Amino acid sequence: MSSMQEYMDRGEEYILKTYNRFSVVLEKGEGVYLYDTDGKKYLDFAAGIAVFALGYHNEEYNNALKEQIDKILHTSNLYYNVPAIEAAEKIVKTSGMDKVFFTNSGTEAIEGALKVAKKYAYVKDSSKEYEFIAMNQSFHGRSQGALAVTGNAHYQEGFVPKEMRAVFAEYNNLDDVRAKVTDKTCGIICEVVQGEGGIYPATKEFLEGLRQICDEKDILLIFDEVQCGMGRCGSLYAHDLYGVKPDVMALAKALGCGVPVGAFVAAEKASHALVPGDHGTTYGGNPFATAAVSKVFDLYESLQIVPHVKEVGAYLYEKLDSLMAKHDCIVDHRGLGLMQGLEFSSPVGDIILKAMDKGLILISAGTNVIRFVPPLIVTEEQVDEMIGILDSVIA
Ligand SMILES: *Cc1c(COP(=O)(O)O)cnc(C)c1O
C-alpha cells in the first residue's frame, strides 16, 4: 500500500497542474464524514463543492446505480431510455417548467442555456448581433461560452474570444442592469445566490426587476442554479424562495449527487427555440447518469431533504452569527439554507488548512470567505462539531 505522499507525488507527475490541491488523498466516505488513504477521518462541510447532498455511501442511491449498471450504462440520444424520461419528468413536475436537456456538467448546462437565448433572439431577428448581460463576481463555468459570462477577470484572462464578450452589471443593482440593456441584449444571466463570488444572495427586488426587463424586451432570463439549486437554499430550486420564474434554469452539482450530470431546463416560452439538430451530446442524459438523478429526486422526497435544510440551515445561521459576534476578524455572514459564507478581514487559506489538520474540511469562496456547503443531510450535532473545531482554529 502506498503512503499518501507517494500517491500525491504520482498525482503531480501525471495530472495536469491546473489546481493547487490540498495535501490529502481522499478514499471513501460515510454520511458527512470522509476518510483519507491513511484512515484519518474528516467532517465534510464542502460536499465535493456542493455536490454530495445525500452524503456519502447512501445505500439506496448506491443500489440504484448498481442495478442500472447491470442493465445498461449508455445508449445514445438517438434512442429513448427510461431513466432519462423519468428524471426529466421529475424535474419538469417539480419546477413547473417545460422541457429538460441533460448535460455532463454545469458548464455545459450554461452553454446550452446561452444557446437557447441566442436562438430565441435569432428566430425573431436573424440580422442582429447578440450580447448577454451577466453579473460582476459571477461564476458560470470554464468553457469559452460560460467563461464569457463569468464576471471575474481571474478566470477570464486570456481565454474569452472577443466575439463572445458579455456586458457586466453590478449584482443586485437593477439600475445598472437597466442602463446596460440595448437592442442587442438577448438574455440576462445570473446566479440566484452567487457561489464562487463569495455567497451573495440576490434580493427579491433584483430578481423581480430582471424578470420585468426580460418580459418588456422579450428576451430570456437565465438562472444559474448549478450550486444554489437542488434544495441547498431551503427550497428545491432557489428561485422558488423568491417567487420569480426564469425562462431557462441551469442545474448540476447536486443534481446527480456525485454522478457527473447537469441539465438546462426551459420554460414554455424558451423550449421551442431549439429544434432537432440545434444541440446534442453523446453522453448527456445517459441511463446511468439519469438513473442517479431520478433516485436523487426520490430520496429528496423520502428523506424530506428540503424541510431538513430549512431547519438545519437556520441552526447553522444562528451558530455562525454567534461565531461572528465572538471573533472580530469575522466581518460578515451571508447565505440561505445550507449555502452560507463567513467573510473574514483577511485571507482564509490558513484557517482552512488548520481546520483540515483538525479533521474538518472547509472551502473558500474567493480569498476572504469561508463557504459552508455541507451534505444536506447534515445534523445539528454535526453543525456543533464543525463550530467547535472552527472556533478553536480561529482562536
Ligand atoms: C460549479 C458551477 C458551474 C460549473 O459547473 P461544472 O460542473 O464545474 O462545469 C457553473 N455555475 C455555477 C454557479 C457553479 O457553481
Side-chain angles (χ1 to χ4, degrees), residues 16 18-19 21 46-53 101-117 132 134-152 154-156 159-160 166 168 171-172 187-202 207 210 221-233 237-239 246 248-265 281 283-286 289-290 292-293 296 334-341 363-366 369-374 376:
L16 190 70
T18 59
Y19 282 91
R21 292 175 215 275
I49 315 190
V51 167
F52 256 96
F101 183 100
F102 288 110
T103 66
N104 308 292
S105 67
T107 300
E108 286 169 87
I110 296 296
E111 289 289 332
L114 298 176
K115 277 179 75 174
V116 171
F132 286 94
M135 305 303 146
N136 290 331
Q137 277 99 53
S138 60
F139 181 83
H140 298 294
R142 306 296 199 126
S143 66
Q144 296 181 78
L147 267 184
V149 289
T150 288
N152 185 327
H154 166 70
Y155 295 122
Q156 281 201 325
F159 294 115
V160 178
F168 289 94
Y171 193 62
N172 279 336
I188 300 178
I189 178 166
C190 80
E191 294 153 86
V192 176
V193 178
Q194 286 194 329
E196 305 296 313
I199 314 294
Y200 289 95
L207 296 190
L210 294 183
L221 179 59
I222 302 168
F223 283 164
D224 181 343
E225 294 219 9
V226 169
Q227 189 165 157
C228 61
M230 293 307 293
R232 177 137 309 268
C233 291
Y237 303 107
H239 68 259
V248 189
M249 162 172 70
L251 298 172
K253 292 202 162 87
L255 180 63
C257 281
V259 167
V261 60
F264 65 84
V265 190
T281 164
Y283 279 133
N286 89 8
T290 48
V293 174
V296 165
R334 303 179 287 267
L336 295 172
L338 287 172
M339 181 173 183
Q340 298 187 32
I363 47 172
S364 62
V369 177
I370 294 181
R371 154 171 45 170
F372 302 85
V373 286
L376 301 183

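Everything quoted here is computed from the prediction, not taken from an experiment. When a ligand or atom number is given, it counts from 1 through the structure's own listing order. In this chain, numbering begins with 1 at the start of the sequence shown.
- Checked by distance only, ligand 1 and K253 come closer than 3.5 Å through their nitrogen or oxygen atoms.
- Of all the heavy atoms of T107, the ones lying under 4.0 Å from any atom of ligand 1 are found in both the backbone and the side chain.
- Remark: ligand 1 atoms within the under-4.0 Å shell around heavy atoms of Q227 are 15 (O).
- Looking at ligand 1, you won't find any N or O of E196 less than 3.5 Å from one of its N or O atoms.
- With hydrogens and angles ignored, the 3.5 Å screen pairs no side-chain donor or acceptor of T281 with any backbone N or O of F102.
- For ligand 1, the polar-atom distance check finds an N/O of G106 within less than 3.5 Å of one of the ligand's N/O atoms.
- With a 4.0 Å cut-off on non-hydrogen atoms, E191 touches ligand 1 through its side chain and not its backbone.
- The distance from ligand 1 to the heavy atoms of S105 drops below 4.0 Å at these ligand atoms: 7 (O), 9 (O).
- Applying the side chain to side chain donor-acceptor pair (under 3.5 Å) test to pairs two or more places apart or on separate chains, those with a residue in residues 142-151 are E111-S143.
- Every atom of ligand 1 is numbered from 1 in the order shown, and the set under 4.0 Å from a heavy atom of D224 is 10 (C), 11 (N), 12 (C), 13 (C).
- Listed for the E225 side chain is a donor-acceptor partner under 3.5 Å among the backbone atoms of A238.
- Between F101 and F264, the ring-plane angle classifies as parallel under the 30° and 60° cut-offs.
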Next item on the list: Starting from the C-alpha separation in whole Å, work towards a yes-or-no answer on ring pair (Phe, Tyr, Trp, His ring centres under 6.0 Å) for Y200 and Y171.
Entry: CA-CA 9 Å; Y200 289 95; Y171 193 62; 7.3 Å; no
Next item on the list: With salt bridge (Lys or Arg N to Asp or Glu O under 4.0 Å) as the test, would you mind laying out the steps for E196 and R371 before giving the verdict?
Entry: CA-CA 9 Å; E196 305 296 313; R371 154 171 45 170; 2.9 Å; yes
